[in-house]
Amino acid sequence: MSLALHDLLVCCRGLENDKATERKKEAERFRRLLRSPEIMQELDRTSGSKAKGSKQLTWDAVFRSLQRYVQKETESMQSSRSNVTATTLATRRKKMAEMCSLIKYFIRYANKRGPRLKCSELLKHVMEVLQSSYCCSAYGEDYSSLLLKDILSVRKYWCDIFQQQWQSLLDLYCGLFNSTSKSINRVLLSRVIHTVVKGCCAQTDGFNDALFIFFSKALLNVRQEKHLTVLEHLVSALNIFLRSAAMNCRMRVCHLGEELLPSILNVWADMRPSAPLKEGIVEFVNLQICVHHPKGAKTQDSGAYAEDWTRWRSLLYNLYDALVREISQIGSRGKYVTGSRHVAVQDNIIELTADICHQLFNDDSDTQILEVTQASRSTQLGSPTHGAASKRRRVEMGWEVLRDHLQPQQSDFDVIPWLQIAAVLTSKYPSMMPGQELVPLLSVLHQLLAEHRRGERGLYVLRCLREVAGCQARYPQRAQVHRTELSRLWARIWALAVRGFGSPQTETLSLDLLASIVHGGLINIDREFWKLFSGSACKPSQSAALCLAQAMLKCSVPKSRMSNSGWDYMGFTEGCVSPNLKETLIAWLLMSDQSDEMEESSRPHPIICRDFPYNLIPNILVSLTLKDTRVALNFLLGIEGAERAS
């Protein structure tokens, strides 16, 4: 043993001295010795040696000496009198803080270059301290912080913790959270619980009923919680657990959701949750929608499940009401904000609202009028029927209500969120739109586009129209009754979308809308459309190429091209040969020179090589001339070369 390690060994033995003054002196010396680079290198060498002798001093051996030091100090304080002066009490607290500081310092110093201490030794010591009522009261907060920052933050330690150890940690901290003891800060407790739940779900095959019971108890009476940060960590932990348990315990997850949802809605409505807590609540509700209604199922026959359908339906109505009020409040706040502000609602809230609308809207366009029971602010929420104080709120829902929110005279803050909801509804659930709703919805969207082609509202109108076009194309039989009126509306919308090319802000979305209209065969393409790609009006882009590709697949391309004197039907104007329109469009699509000299070197533009649906290319080029076919081969070779280069 080197001289440096011998000094450390003597110091470690001094830490176990029966005299408090000697222990204090050796603790100060221990900290100084630990800073020595020579001692650090020697301990690294002996701890990493494959043939460790019984007399070797290692990092783990030093840690065991520190554990005995903590035990000695604790026994000394326990044997002291309890009725002491404030000065003596302050001295004791200072001594406890110094002792915990030494433990933290040693663990961080030992693991600074990677984990050197055994995870099992660290966990064993922490558990022993926290399971002792006296030690937990004295050092519980410090040791919980140590567990969180210096053990559970090390990824290697996660792999070293056995399933039973995860379970023991979980039981311990759930018990501490539910106990009446105030020795550990509840925010810190909730943080540890969040991390331990995450570890359990990631590193074990599963565990018993402990978490179902814990969350049921901890979140049922959330109004008693003074710190919203605690709820933030608990709701996040709940979501982690539910995602893990939903596959094997779907019915229990549904039961827990139906039990906790009234309380969690109360937090949303009355406690002004922070943004992270609100995100967690939205995720929790979304998880419940998924387990109750997988893939949007609405009935038991199609896969939906609820333990109590009447209760669950009532909760959905309350959810709809809460989300509509939230969206309305976002708009109201936005009206009075000075300067620029994004007026759209977060995607997760929009997706959730659309999912709930899918469950609650009727198959026709009739408006539903419901009386929704809300828990009052003075009611202590336990079960949904707990407490006598409640109030009724009249709620309207349905496609007609949705359209009422899309009136042109409304502000952007009121219209845009409902444009988002309508877009998600028609995109995610195209089968739910009633046939009789197509004309009135398309009429109001056309009016919005006509009056607000530019600005932020116009972008959301274009997105919504694109999804409605896809919805009509997917279920064409619903449009048969109103085919004439719908064709007239789509023709007007088409003309407005073509004009959108002039604005860089709306060009991409206008092209996407045109591609959807073409794909669905909703109108007959006019010659003005081909002119966009036969000149320089439309710049090369992914959306433009896809739009042209869809048009060439669906429609026959005219054989003439617009010249200065008009359309050339036979390819000749005043004795001059006019380029074939199809060749011009192919040249635009390939972004290449179509002359004979450049034919062999034709390569597609990088925009087309990137994420382009290649299955469109062979279909487009089926009826081309031999020259065009050679160009197509060069095109495909160019794509292959671009893929290899990337």
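Sequence positions, counted from 1, serve as the residue numbers for this chain.
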Would the number of heavy atoms belonging to other residues, nucleotides or ligands and lying under 6.0 Å from CZ of Arg155 be above 12?
yes
Of all residues at least two apart in sequence or in a different chain, which pass the ring-ring contact (aromatic ring centres under 6.0 Å, His included) check with His358?
Tyr429
Value rounded to 0.5 Å, distance of OG in Ser516 from CD in Glu467
7.0 Å
Considering all heavy atoms, the nearest Lys278-Glu326 contact:
NZ-OE2, 3.0 Å
Report yes if some heavy atom in the side chain of Leu442 is under 4.5 Å from a heavy atom in the side chain of Leu486; otherwise report no.
yes
Inspect the surroundings of CZ in Arg474 and state if more than 12 heavy atoms from other residues, nucleotides or ligands are less than 6.0 Å away.
no
Which atoms form the tightest heavy-atom contact between His292 and Glu258, and what is the distance?
NE2-OE2, 2.8 Å
Ignoring hydrogens and geometry, is there a side-chain-to-backbone donor-acceptor pair from Arg466 to Ala515 under 3.5 Å?
no
Given side chains that start at C-beta, do those of Gln300 and Trp309 come closer than 4.5 Å, heavy atoms only?
yes
Where His519 and Gln550 come nearest, the two heavy atoms and their spacing:
ND1-OE1, 3.4 Å
For Val401, does its backbone N or O pair with a side-chain atom of Glu396 as donor and acceptor, under 3.5 Å?
no
Report yes if the side chains of Trp494 and Val518 come closer than 4.5 Å at any heavy-atom pair, otherwise no.
yes
Under a 3.5 Å distance rule, please check whether Ser443 uses its side chain to pair with a backbone N or O of Val439 as donor and acceptor.
yes
Scanning both residues in full, the closest heavy-atom pair of Ser510 with Gly500 reads OG-CA, 3.7 Å
Just to verify, what does His194 make a ring-ring contact (aromatic ring centres under 6.0 Å, His included) with, not counting sequence neighbours?
none
Would you call Gln346 and Val282 a side-chain contact if the rule is heavy atoms closer than 4.5 Å?
no
Using the salt bridge (charged side-chain N to carboxylate O under 4.0 Å, His left out) criterion, which residues pair with Lys428? Sequence neighbours excluded.
Glu351, Asp355
Given side-chain contact (heavy atoms from CB on, under 4.5 Å), test His405 with Ile327 step by step and report yes or no.
CA-CA 11 Å; His405 287 286; Ile327 290 169; over 6 Å; no
Would you call Arg403-Glu437 a salt bridge at under 4.0 Å N-O?
yes
Indicate the ring-plane relationship of Phe361 and Tyr320, choosing parallel, tilted or perpendicular according to the 30° and 60° boundaries.
perpendicular
Tyr317 and Gln359: CA distance, side-chain angles, deciding distance, side-chain contact (heavy atoms from CB on, under 4.5 Å) verdict
CA-CA 10 Å; Tyr317 292 140; Gln359 294 299 324; over 6 Å; no
Do the side chains of Tyr460 and Val415 get nearer than 4.5 Å, heavy atoms only?
no
So how far is it from Ile350 CD1 to Trp418 CH2, rounded to the nearest 0.5 Å?
8.5 Å
With the side chain counted from C-beta on, respond yes when Gln436 and Trp399 share a heavy-atom pair under 4.5 Å apart, and no when they do not.
no
Flag yes if more than 12 heavy atoms outside Arg313 fall under 6.0 Å of its CZ atom; otherwise flag no.
yes
Any chance the side chains of Glu279 and Asn348 put a donor and an acceptor closer than 3.5 Å?
yes
Does a side-chain heavy-atom distance below 4.5 Å link Leu261 with Leu319?
yes
Cut-off 3.5 Å, side chains only: do Ser236 and Asn239 have a donor facing an acceptor?
no
Closest heavy-atom pair, Ala304 versus His293, reported as atoms and distance to 0.1 Å, is CB-ND1, 3.7 Å
Could you grab the distance from atom CD1 of Ile240 to atom CD of Glu283, nearest 0.5 Å is fine?
8.0 Å
Distance, nearest 0.5 Å, that separates CD1 of Ile281 from CG of Leu238
11.0 Å
With distance as the sole criterion, is a donor-acceptor pair present between the side chains of Trp490 and Gln472 under 3.5 Å?
yes
Rounded to the nearest 0.5 Å, the CD1 atom of Ile289 sits from the CG atom of Asn286 at a distance of 7.5 Å
Hey, does Cys464 have a side-chain heavy atom less than 4.5 Å from the side chain of Leu445?
yes
Between Gln505 and Leu459, what is the shortest heavy-atom contact and its length?
O-CD2, 3.3 Å
